[in-house]
Each structure stands twice: as C-alpha cells, then as structure tokens.
Amino acid sequence: MPSRRRVLSALALSAASLALAQPIRLARAADAATVLQSRPIPSTGELLPVIGMGSSGSFDVGASPAERDPLREVLRRFFAAGASLIDTAPGYGRAEAVIGELLAETNLRQKAFLATKIGAVGREAGLAQFHRSLELLKTDKVELLQVHSLQDWKTQIALIGELKAQGKTRYTGVTHWQDSGHDELAEVVRAVRPDFLQVNYSVISRSAEAKVFPLARELGVAVLVNRAFDDGRLFSRVKDKALPGWAAEAGIDSWAQAFLRFALSHPAVTAVIPATGKPDRQSDNLKAGSGPTLTEAQRQSLIELLT
C-alpha cells in the first residue's frame, strides 16, 4: 500500500503536469487559429493552401522600382505565410513576365504552385502560347495548366492532356469567370473530368452552387474561386458598415476576410485566388486562410446583409 507521502507526491506531480499542459494546449490552439490551412486536391490528395493569388491587373506593371517593389513584398509575405498558388494567364498583359522575373530574382520559383492558361484557337496556336508562357515565367513546367474561359476547349484540353503526359504540367483545368458560362462549364467538366475547375463565386454571385459545385464534389474536381470580391462591388456595398457581431468570434477583423471566408466555407471549394498588388492587403487576405469555417447561420447573415 503506498504511503501517504507517495500519494501526495504523485498528486503534486499530476497537478504540475496539468498546469504545464494547459499553456501548451492554449499555444497549439492559438497556432491553429493563425496557420494558413490547406485542403486536398481530390485527384491526388496533395495539399494546397486555401489562399492563393490571382494576377489580373495587379501584376500587369512596368519595370520601375515604384511598380515592382510593392510586388516583391506581396510575394515575400505570400510565401512567408505558407501560400503557394499563383494564377496567371497570357491574357493578363505583362503579368506572366513580371511573375517570372520576380520569382527568378528572389529565387522563389521552387515554392510556387504556378497556374497559367491556354486561351487560343487551334492546337498549334495553343502550343505556341504555352511555350511563350514558359519562357515568360522562366520555368520549364507549370503545376496547373487550364483552358481559359473554355476557349476551343476540346482542342486545348486534349493538348493539355498531352503536355501533362510529357511532364510539362501536373494538373489539368478549365476556367470561367461569369455566371452565364456555368452551364457550359458544368457540361465540360462532366465530359472531360479535369483535375481543377476555376469559377467565379461570391456572397452576391452564388450561381456556382446550383450545378458547378455539386458536380465538382461528385466527380472529385478541385475548385478555385475567382472574383470572390465581385470586382470590388462587395466593398462598395459595405462602405461605412460595421462587421457582423459574430465576426470577432470567427477570427475575422476585415470585410476582405469575411468575403474570402464565405467562399471558403462552401465544402466544394479548394482555394480562393484574390489578386492584389498591395502588401497590406496581401497580409489581410492571408488571414482569411485560418480560423473556423463559417457556420450556415453566419453565411446567411452575410447574404442577407449584402443582397
């Protein structure tokens, strides 16, 4: 039978262990609330950070320090947070060239999950466009190659399949950016079952919920969300409005975070790709990649507030 002294000693050790464990648990909870989350790409299980970055407009700049320095900081903060997906296209002006130059200059290409597009008619035109993209991006392959807005999709998705077999891309994709294209997008996705689809989705543009998202879940297709801010219209609707009362509890302290978290709260969505050329906005966007998923009540609250 243990002595009274041994019992008291054991109790003291147990209490000390609990006291030490509590700060560790709290620290882990705090880390979970700030770490950028990832979701699996259905076709492979590879994890992809939920906040990516678009480049339309934001990276279409010249070569002056005033234009390039903010973008260097945008990229630095992006990768420092653990993000990786950068989406671009030949149709985005100088964006591919600027991204390629900055990634090479900062030696960050190996951290990037590069996604670009083919937006051409005919196989030879598509192939030439892709080779030009590789040249501008200063790389010999990309992680994701997409058919831009379904342009000549039968030809280009076949070409992208060939390029995937050659190791020039790891994933295939199709994209659209307007509600009017969702029916065709759904038809194409069912026909070719790409690894990714990219589609517009926001609090006030929820057409993708009808056909595109259910089909993506059924077929195991990753979903990238573009236009999550609806080209800035969401911000104009909440001008001078306070965040909902539940925002702080959800770890949200800006409208940008609320809008991105709304998009991410749909179970079909893999990642969102907001574009910005401003470092502070990049940091704000990245914060949306942590914290709990919005509840249905919180989603409905945003819908009612903005529509």
Side-chain angles (χ1 to χ4, degrees), residues 37 39 50-58 85 87 89 92 146 148-150 174-186 189 196-217 221-278 280-282 284-307:
Q37 297 167 2
R39 293 178 181 174
V50 298
I51 302 294
M53 178 170 60
S55 59
S56 177
S58 56
L85 169 61
D87 179 79
Y92 294 171
Q146 307 156 99
H148 200 169
S149 295
L150 304 181
V174 293
T175 80
H176 214 288
W177 59 282
Q178 290 180 310
D179 290 358
S180 60
H182 290 186
D183 285 346
E184 184 182 7
L185 179 62
V189 168
F196 280 80
L197 69 84
Q198 184 181 143
V199 67
N200 60 299
Y201 180 60
S202 77
V203 180
I204 59 173
S205 297
R206 303 188 306 280
S207 172
E209 295 177 352
K211 289 185 178 179
V212 178
F213 287 172
L215 185 60
R217 298 192 74 190
V221 177
V223 173
L224 302 182
V225 167
N226 60 47
R227 300 180 70 201
F229 299 143
D230 221 282
D231 297 339
R233 281 186 284 273
L234 290 181
F235 294 111
S236 65
R237 294 198 184 192
V238 296
K239 186 179 180 180
D240 300 324
K241 288 186 179 181
L243 286 163
W246 49 262
E249 181 183 349
I252 292 171
D253 55 27
S254 76
W255 280 111
Q257 293 169 37
F259 300 147
L260 294 174
R261 290 274 291 280
F262 177 88
L264 287 170
S265 67
H266 195 287
V269 174
T270 307
V272 293
I273 49 172
T276 185
K278 299 182 183 300
D280 288 346
R281 289 184 182 177
Q282 179 70 291
D284 192 39
N285 290 343
L286 288 162
K287 288 180 183 178
S290 58
T293 301
L294 296 192
T295 66
E296 188 55 41
Q298 290 166 344
R299 282 174 54 86
Q300 192 59 38
S301 169
L302 286 175
I303 292 169
E304 291 172 359
L305 183 65
L306 285 136
T307 56

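Bear in mind that the values here come from a model prediction, so they are computed numbers and not experimental data. All values below come from the heavy atoms of this structure, side chains included, with hydrogens, waters and symmetry mates left out.
- Residues G277 and S58 share a closest heavy-atom pair of N-CB, 3.7 Å.
- Applying the side-chain hydrogen bond (donor to acceptor under 3.5 Å, both in side chains) definition to pairs two or more places apart or across chains, those involving residues 235-253 are W246-S301, D253-Q257.
- Annotation: side chain of L215 is not in contact with side chain of L197 (no heavy-atom distance under 4.5 Å).
- In this structure A208 satisfies the side-chain contact (heavy atoms from CB on, under 4.5 Å) test together with H182, V199, Y201, V212, F213, sequence neighbours excluded.
- For the residue pair S202 and D230, a side-chain donor N or O sits within less than 3.5 Å of a side-chain acceptor on the partner.
- Between I204 and F259 there is no side-chain heavy-atom pair separated by less than 4.5 Å.
- For the side-chain contact (heavy atoms from CB on, under 4.5 Å) with V272, the qualifying choice from N285, I51, L85 is I51, the only one to do so.
- Of the possible polar contacts, one joining the R39 side chain to the V269 backbone as a donor-acceptor pair under 3.5 Å is found.
- Under the 4.5 Å side-chain criterion, counting only non-hydrogen atoms from C-beta, L306 is not in contact with F262.
- Between atom CG of residue L185 and atom CG of residue L150 there is a gap of 5.5 Å, rounded to the nearest 0.5 Å.
- Taking CD of Q146 as the reference point, atom CG of L224 lies at 6.5 Å (rounded to 0.5 Å).
- For CZ of R281, the number of neighbouring non-hydrogen atoms (other residues, nucleotides, ligands) closer than 6.0 Å is 12 at most.
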